[in-house]
Amino acid sequence: MQLVTSPSKLQKICLQWRCDGSTVGLVPTMGYFHEGHKNLMRIAREKADKLVVTLFVNPTQFGENEDLSTYPADHEGDAQIARDLGADILFIPDAGSMYAKDHATWVDVPQLAKDLCATSRPTHFRGVSTVVTKLLILTLPEYAVFGEKDWQQLAIIRRLVRDLHLPTNIIGGELIREKDGLAMSSRNAYLTPEERAQAVHINAGIRAGAAVFEQGEHDVEKLKAVIRAHWQRHLPLGKEDYLEFIDPDSLEPVTTITDKARCAVAVYVGKGRLLDNWPFYL
Ligand code: AMP
């Protein structure tokens with residue numbers, strides 16, 4: 001595995017691969033790898049001849065009072081994992097190399113980058129869309145793999161790739177959970193033992209709603225009430241950011257589930273803001 005730190009060098013290698021007829025699989029990350037990241041790497045490894053993993057804590061997707069400076073990092077451990085999973089390149093860009101001082105170009109998908117995470121993080125998806133576009137242009141992958149944990153992000157990336165005619169197939173990797181159901185996240189490292197014990201109820205609350213749904217309740221307000229009641233009882237350290245039922249593709253809100261809806265949530269627990277989502281499919 002080659003460690004690459006210069007965007008132009010990454011581009012040169014990937015262009016050469018493409019000219020030679022090799023396909024590239026890309027897995028963009030912010031590092032501090034867990035099983036969720038590893039699963040994406042395995043999917044890309046299987047699909048493409050070359051696997052490129054990128055590790056970049058992208059400053060433009062963080063708001064002013066967010067955790068950019070404290071985001072967990074373990075570059076050595078991550079490099080070992082990427083190597084073990086067969087990555088050909090681990091790209092960790094040099095500080096400042098991804099954005100020129102007078103950087104002025106943005107990619108935005110406002111129709112999908114509203115509501116849900118965008119309510120509390122209004123500039124987040126503009127940063128994500130811009131950096132993902134840069135990484136796709138740098139590597140021109142046949143496949144790029146993103147996690148379903150970030151459901152809104154995945155929908156935005158699918159849309160921007162389609163709208164900009166980027167030559168990449170976007171693959172969604174299933175949401176990987178801890179044994180007790182908590183969605184894996186690098187930010188789980190922020191949790192104290194007490195917060196960690198309660199955080200399991202983010203998912204348990206959603207599943208309490210899913211159980212009522214299975215019994216025939218399709219009214220979203222009623223399902224939300226079941227989930228909130230569970231959280232109030234078992235997750236007193238949590239503070240809801242949002243709890244929404246959305247169309248899985250358009251992300252538009254659903255009031256009665258007649259076909260397919262995704263329950264998407266974000267909950268603040270201690271220093272972490274944790275995401276989860278769950279299918280409510282008839
Ligand atoms: P991050 O490093 O958190 O920015 O995530 C990098 C990629 O891993 C994104 O596509 C995420 O959606 C994905 N990811 C993070 N956590 C999980 C998880 N628990 N299950 C599946 N994918 C995940």
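Each residue takes its place number in the sequence, starting with 1.
- Under a cut-off of 6.0 angstrom, the local environment of CD in Glu66 is crowded, with over 12 non-hydrogen atoms contributed by other residues, nucleotides or ligands.
- Within a 6.0 Å sphere centred on CD of Gln80, heavy atoms belonging to other residues, nucleotides or ligands number more than 12.
- Pro7 approaches Thr5 most closely through the heavy-atom pair CD-O, 3.8 Å.
- Taking the salt bridge (Lys or Arg N to Asp or Glu O under 4.0 Å) definition, one finds that Lys114 meets it with Glu252, sequence neighbours left out.
- Using the six-membered ring where Trp is involved, Phe62 and Tyr71 have ring planes that are perpendicular, over 60° apart on the 30 and 60° scheme.
- In this structure, the side chains of Leu15 and Lys12 stay at 4.5 Å or more apart for every pair of heavy atoms.
- Summarising the geometry of Val200 relative to Ala197, their closest heavy-atom pair is CG1-O, 2.9 Å, with the distance given to 0.1 Å.
- Asn277 meets the side-chain hydrogen bond (donor to acceptor under 3.5 Å, both in side chains) test with Arg262; sequence neighbours excluded.
- At least one donor-acceptor pair under 3.5 Å links the side chain of Arg45 to the backbone N or O of Gly86.
- With rounding to the nearest 0.5 angstrom, the OG1 atom of Thr130 is 7.0 Å from the CG atom of Asp108.
- With respect to Pro141, the side chain to side chain contact (heavy atoms under 4.5 Å, CB included) criterion is satisfied by exactly one of Leu135, Leu166, Thr168: Thr168.
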* So Arg228 and Glu240, side-chain contact (heavy atoms from CB on, under 4.5 Å) or not? Walk me through it. -> CA-CA 9 Å; Arg228 287 191 174 120; Glu240 177 187 320; 2.7 Å; yes
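- Taking every heavy atom of both residues into account, Leu55 and His75 meet most closely at CD2-NE2, 3.8 Å.
- Side-chain contact of Thr256 with Thr258: a donor-acceptor pair under 3.5 Å is absent, judged by distance alone.
- Between Trp106 and His103, the ring planes are perpendicular. Angles over 60° get that label, and only those under 30° would be called parallel.
- In this structure a side-chain-to-backbone donor-acceptor pair under 3.5 Å is present from Asp88 to Leu51.
- Remark: the backbone N or O of Lys222 is paired with a side-chain donor or acceptor of Asp219 at under 3.5 angstrom.
- Residues Leu116 and Val267 do not share a hydrophobic cluster, defined by chaining ILVMFWY side chains whose heavy atoms lie under 4.5 Å apart.
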Got a list of side-chain donor-acceptor pairs under 3.5 Å for residues 17-26, not counting sequence neighbours?
from	atom 1	to	atom 2	distance (Å)
Arg18	NH1	Leu140	O	2.7
Asp20	OD1	Gln16	NE2	3.1
Thr23	OG1	Asp49	N	3.0
Thr23	OG1	Asp49	OD2	3.2

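- Cluster annotation: Phe33 is connected to Leu85 through the hydrophobic network of ILVMFWY side chains, with a link wherever side-chain heavy atoms come within less than 4.5 Å.
- For the side chain to side chain contact (heavy atoms under 4.5 Å, CB included) test with Phe56, the passing option among Lys134, Met30, Met98 is Met98; the others fail.
- A 6.0 Å sphere centred on NZ of Lys224 holds more than 12 heavy atoms belonging to other residues, nucleotides or ligands.
- No side-chain heavy atom of Thr119 sits less than 4.5 Å from a side-chain heavy atom of Tyr242.
- Ile170 pairs with exactly one of Leu154, Val132, Val145, Leu160 by the side chain to side chain contact (heavy atoms under 4.5 Å, CB included) rule, that one being Leu154.
- The closest side-chain heavy-atom distance from Leu274 to Leu191 is below 4.5 Å.
- Interatomic distance, Ile81 CD1 to Glu76 CD, rounded to the nearest 0.5 Å: 12.0 Å.
- Atom OG of residue Ser8 and atom CG of residue Leu138 lie 9.0 Å apart, to the nearest 0.5 angstrom.
- Put simply, the side chain of Glu178 never gets that close to the backbone of Ala183: no donor and acceptor are under 3.5 Å apart.
- Classification of the His218-Phe213 ring pair by plane angle, with boundaries at 30° and 60°, yields tilted.
- Phe125 and Leu164 fall within the same hydrophobic cluster, where Ile, Leu, Val, Met, Phe, Trp and Tyr residues are linked whenever their side-chain heavy atoms come under 4.5 Å apart, directly or through other members.
- The salt bridge (charged side-chain N to carboxylate O under 4.0 Å, His left out) analysis of residues 30-44, with sequence neighbours excluded, yields the pairs Glu35-Lys38, Glu35-Arg42.
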* Trace of the side-chain contact (heavy atoms from CB on, under 4.5 Å) decision for Leu223 with Val212 -> CA-CA 7 Å; Leu223 295 171; Val212 175; 4.2 Å; yes
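- Distance alone, capped at 3.5 Å, is enough to place a donor-acceptor pair between the Asn58 side chain and the Gly127 backbone.
- Between the side chain of His37 and the backbone N or O of His34, at least one donor-acceptor pair lies under 3.5 Å.
- With Thr133 contributing its side chain and Ser129 its backbone, the two residues share a donor-acceptor pair below 3.5 Å.
- Between Leu243 and Cys263, the closest heavy-atom pair is CD1-SG, 3.7 Å.
- Every residue was checked against the side-chain hydrogen bond (donor to acceptor under 3.5 Å, both in side chains) condition with Glu142, not counting sequence neighbours, and none meets it.
- For Arg273 and Asp241, the salt-bridge test passes: some basic side-chain N is under 4.0 Å from an acidic carboxylate O.
- Judged by distance alone, the side chains of Asp247 and Ser250 do bring a donor and an acceptor atom under 3.5 Å apart.
- Arg233 meets the side-chain hydrogen bond (donor to acceptor under 3.5 Å, both in side chains) test with no other residue; sequence neighbours excluded.
- With salt bridges taken as basic N to acidic carboxylate O contacts below 4.0 Å, one links Asp67 and Arg187.
- Contact between Pro72 and Ser186 at its shortest, heavy atoms only, is CG-O, 3.6 Å.
- In this structure, the separation between OG1 on Thr139 and CD on Gln11 is 9.0 Å, given to the nearest 0.5 Å.
- Other residues, nucleotides and ligands contribute only 12 or fewer heavy atoms inside 6.0 Å of the OH atom of Tyr32.
- Criterion: ILVMFWY side-chain heavy atoms under 4.5 Å apart, direct or through other members. Under it, Leu136 and Tyr143 are not part of a common hydrophobic cluster.
- Side-chain atoms of Gln61 and Arg126, non-hydrogen and from C-beta on, never get closer than 4.5 Å to each other.
- Asp259 and Tyr281 form no side-chain donor-acceptor contact under 3.5 Å, judged by distance and modelled atom types alone.
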* To do: Under the side-chain contact (heavy atoms from CB on, under 4.5 Å) rule, what do Asn203 and Leu182 come out as? Steps first, then yes or no, please.
  => CA-CA 6 Å; Asn203 185 249; Leu182 176 66; over 6 Å; no
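- Taking 4.5 Å as the limit, some side-chain heavy atom of Trp151 sits within range of a side-chain heavy atom of Leu251.
- Between Val52 and Gln2 there is no side-chain heavy-atom pair separated by less than 4.5 Å.
- No donor-acceptor distance shorter than 3.5 angstrom exists from the side chain of Arg177 to the backbone of Asp180, with no hydrogens or angles considered.
- Side-chain atoms of Val265 and Leu275, non-hydrogen and from C-beta on, never get closer than 4.5 Å to each other.
- In this structure, the side chains of Thr192 and Arg196 stay at 4.5 Å or more apart for every pair of heavy atoms.
- Taking every heavy atom of both residues into account, Val27 and Ala44 meet most closely at CG2-CB, 3.7 Å.
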